[in-house]
Amino acid sequence: MTQKRSKKRNKLTTNVELTRLAYDFHLLGNRLRTTISEINITAAYRVQIARHVQWMLNQAKSLGSELNAPQPKAFLTKESTERIAEHLGLFD
């Protein structure tokens with residue numbers, strides 16, 4: 001029986017790579033959210049960027065289901081993603 005391929009990754013992607021991607025999504029999302037609140041831009045542009053931030057955070061959260069042992073709630077926050085990254089030795 002063949003395994004169904006995921007739309008998000010191939011089967012050669014490691015848990016470390018997925019964790020790195022989720023961590024980067026969280027970092028970028030948090031940085032953008034902070035930046036749009038500090039700089040002077042129009043409300044319409046601020047909303048557009050906020051939508052992109054939300055998309056990135058949702059992508060990070062959904063990557064937990066793509067782990068070799070699926071954990072849908074693994075990457076819900078930046079802090080939980082950091083704990084997993086430290087456990088996998090990503091920051092070494």
Side-chain angles (χ1 to χ4, degrees):
M1 179 178 203
T2 60
Q3 282 188 332
K4 180 180 173 185
R5 288 235 175 224
S6 169
K7 293 180 181 180
K8 293 191 174 136
R9 71 175 182 102
N10 63 32
K11 297 299 179 185
L12 299 177
T13 307
T14 65
N15 284 347
V16 173
E17 293 168 330
L18 289 172
T19 304
R20 175 60 190 253
L21 181 58
Y23 184 68
D24 288 345
F25 275 138
H26 278 292
L27 280 179
L28 290 170
N30 290 343
R31 176 65 185 214
L32 279 173
R33 186 181 297 138
T34 301
T35 302
I36 64 173
S37 68
E38 293 174 348
I39 63 173
N40 185 18
I41 57 175
T42 64
Y45 196 56
R46 189 182 317 268
V47 168
Q48 185 180 7
I49 294 171
R51 284 188 194 128
H52 287 290
V53 168
Q54 193 58 45
W55 178 85
M56 282 191 274
L57 296 178
N58 286 336
Q59 290 299 305
K61 292 173 187 176
S62 71
L63 286 171
S65 299
E66 299 299 321
L67 294 169
N68 288 335
Q71 299 173 12
K73 296 184 179 185
F75 304 131
L76 293 181
T77 64
K78 179 180 165 252
E79 291 74 24
S80 66
T81 306
E82 284 175 343
R83 283 193 299 271
I84 293 170
E86 287 173 0
H87 177 70
L88 293 174
L90 187 63
F91 300 132
D92 294 339

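Since we're looking at a predicted model, the values are computed, not measured.
The side chain to side chain donor-acceptor pair (under 3.5 Å) search around Lys61 returns none, not counting sequence neighbours. Not counting sequence neighbours, the partners of Thr77 by the side chain to side chain donor-acceptor pair (under 3.5 Å) test are Ser80. In this view, Ile84 and Thr19, Ala74, Phe75, Leu88 satisfy the side chain to side chain contact (heavy atoms under 4.5 Å, CB included) rule, not counting sequence neighbours. Residues meeting the ring-ring contact (aromatic ring centres under 6.0 Å, His included) test with Tyr45, sequence neighbours left out: none. Glu86 meets the side chain to side chain donor-acceptor pair (under 3.5 Å) test with no other residue; sequence neighbours excluded. Qualifying side chain to side chain donor-acceptor pair (under 3.5 Å) partners for Arg31, counting only residues two or more places apart in sequence or in other chains: none.
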Could you go step by step and tell me if Gln48 and Ile41 meet the side-chain contact (heavy atoms from CB on, under 4.5 Å) rule?
CA-CA 11 Å; Gln48 185 180 7; Ile41 57 175; over 6 Å; no

Could you walk me through whether His52 and Leu32 satisfy the side-chain contact (heavy atoms from CB on, under 4.5 Å) test, starting with their C-alpha distance in whole Å, then the side-chain angles of each, then the deciding distance to 0.1 Å, before giving a yes or no?
CA-CA 9 Å; His52 287 290; Leu32 279 173; 5.5 Å; no

Carefully, step by step, assess Phe25 and Leu63 under the rule side-chain contact (heavy atoms from CB on, under 4.5 Å).
CA-CA 10 Å; Phe25 275 138; Leu63 286 171; 4.3 Å; yes

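Between atom OG1 of residue Thr13 and atom CG of residue Leu21 there is a gap of 9.5 Å, rounded to the nearest 0.5 Å. The CG atom of Asn30 sits 6.0 Å away from atom NZ of Lys78, with the distance rounded to the nearest 0.5 Å.
Here the closest non-hydrogen pair linking His26 and Leu57 is ND1-CD2, 3.5 Å. Between Pro70 and Ser65, the closest heavy-atom pair is CB-O, 3.7 Å.
Residue pairs satisfying the salt bridge (charged side-chain N to carboxylate O under 4.0 Å, His left out) criterion with at least one member in residues 16-27, sequence neighbours excluded, are listed as follows: Arg20-Asp24. Residue pairs satisfying the salt bridge (charged side-chain N to carboxylate O under 4.0 Å, His left out) criterion with at least one member in residues 37-55, sequence neighbours excluded, are absent.
Checked for salt-bridge contact, Arg83 and Glu79 miss the test: no charged N lies under 4.0 Å from a carboxylate O.
Using a 4.5 Å cut-off between side-chain heavy atoms of Ile, Leu, Val, Met, Phe, Trp and Tyr, with links allowed through other members, Met56 and Val47 fall into different hydrophobic clusters. Val53 and Leu76 sit in two unconnected hydrophobic clusters of ILVMFWY residues. Membership requires side-chain heavy atoms under 4.5 Å apart, directly or through other members. The hydrophobic cluster containing Leu27 also contains Phe91, counting ILVMFWY residues as joined when their side-chain heavy atoms lie under 4.5 angstrom apart, directly or transitively.
Side-chain atoms of Asn68 do not come within 3.5 Å of backbone N or O of Thr14 as any donor-acceptor pair.
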